[in-house]
Amino acid sequence: QVQLVESGGGLVQAGGSLRLSCAASGIIFSRYFMGWFRQAPGKEREFVAVISWSGDRTYYADSVKGRFTTSRDTAKNTVWLQMNSLNPEDTAVYYCAARPNYSDSPRGYYYWGQGTQVTVSS
């Protein structure tokens, strides 16, 4: 049984930071790209970041480039999303997801976490 479990969301003031975690089980973690997506109320789910199997390649949406960093630890089956300089436009439910190769589209991601709410107050 595959599980992706996000944690670390919460309420933060503009300019603050949060670190999201996503713990994976039931998959061979090192064989999956791990993506981060977010969905705000009334909006479509959008790409945030993705990290390659070994963590040597990362890709970011323009809206978060320079502020967010994703990393992973294969030994811990965990991927993180460090979010700095948060602003109210970052408010959304954040999801981690897994697929065997690169994509910045939510379509084709095999497995999804339940999501964690991030709220940034102005």
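Keep in mind that what you see is a predicted model, and the values were worked out from it rather than measured.
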Q: Output every pair passing side-chain hydrogen bond (donor to acceptor under 3.5 Å, both in side chains) with a member in residues 15-27, not counting sequence neighbours, ordered by first then second residue.
A: Ser17-Asn84, Ser21-Trp80

Q.
Please say yes or no: joined through hydrophobic side-chain contacts below 4.5 Å, possibly via intermediate residues, are Val5 and Leu81 part of one cluster?
A. no

**Q.** Gap between atom OG1 of Thr91 and atom CD of Gln117 - 0.5 Å precision
**A.** 7.0 Å

Q. Can a donor-acceptor pair be found between the side chains of Arg38 and Tyr94 at a distance below 3.5 Å?
A. yes

Q: To the nearest 0.5 angstrom, please state how far the OG atom of Ser52 sits from the CG atom of Asn101.
A: 12.0 Å

Q: With the side chain counted from C-beta on, respond yes when Tyr60 and Thr70 share a heavy-atom pair under 4.5 Å apart, and no when they do not.
A: yes

Q) Cluster partners of Val93, using ILVMFWY side-chain heavy atoms under 4.5 angstrom, listed by chain and number? A) Phe33, Phe37, Phe47, Val50, Trp53, Tyr59, Tyr95, Tyr102, Tyr109, Trp112

Q: Please answer whether the main-chain N or O of Glu6 pairs with a side-chain N or O of Gln114 as donor and acceptor at a distance below 3.5 Å.
A: yes

Q.
Grouping I, L, V, M, F, W and Y whenever their side-chain heavy atoms are under 4.5 Å apart, do Val2 and Trp36 come out in a common cluster?
A. yes

Q) What's the shortest heavy-atom distance between Arg107 and Ser103, and which atoms? A) O-OG, 4.3 Å

Q) Any donor-acceptor pair under 3.5 Å linking the side chain of Arg72 with the backbone of Thr74? A) no

Q. Side chains of Leu86 and Gln13: does their closest heavy-atom pair fall under 4.5 Å?
A. no

**Q.** Beyond-backbone contact of Asp90 with Phe68, side-chain heavy atoms, under 4.5 angstrom
**A.** yes

Q | Greater than 12 external heavy atoms within 6.0 Å of Lys65's NZ | A | yes

Q) Shortest non-hydrogen contact from Leu4 to Cys22? A) CB-SG, 4.0 Å

Q: Return yes if some donor-acceptor pair links the side-chain N/O of Arg67 with the main-chain N/O of Ser85 below 3.5 Å, else return no.
A: yes

Q: Look up atom CD in Gln82 and atom OG1 in Thr69, then write down how far apart they are to the nearest 0.5 Å.
A: 7.0 Å

Q | Shortest non-hydrogen contact from Ser122 toward Ala14 | A | CA-CB, 4.3 Å

Q: Look only at the side chain of Arg31 and the backbone of Ile27, and say whether a donor-acceptor pair between them is shorter than 3.5 Å.
A: no

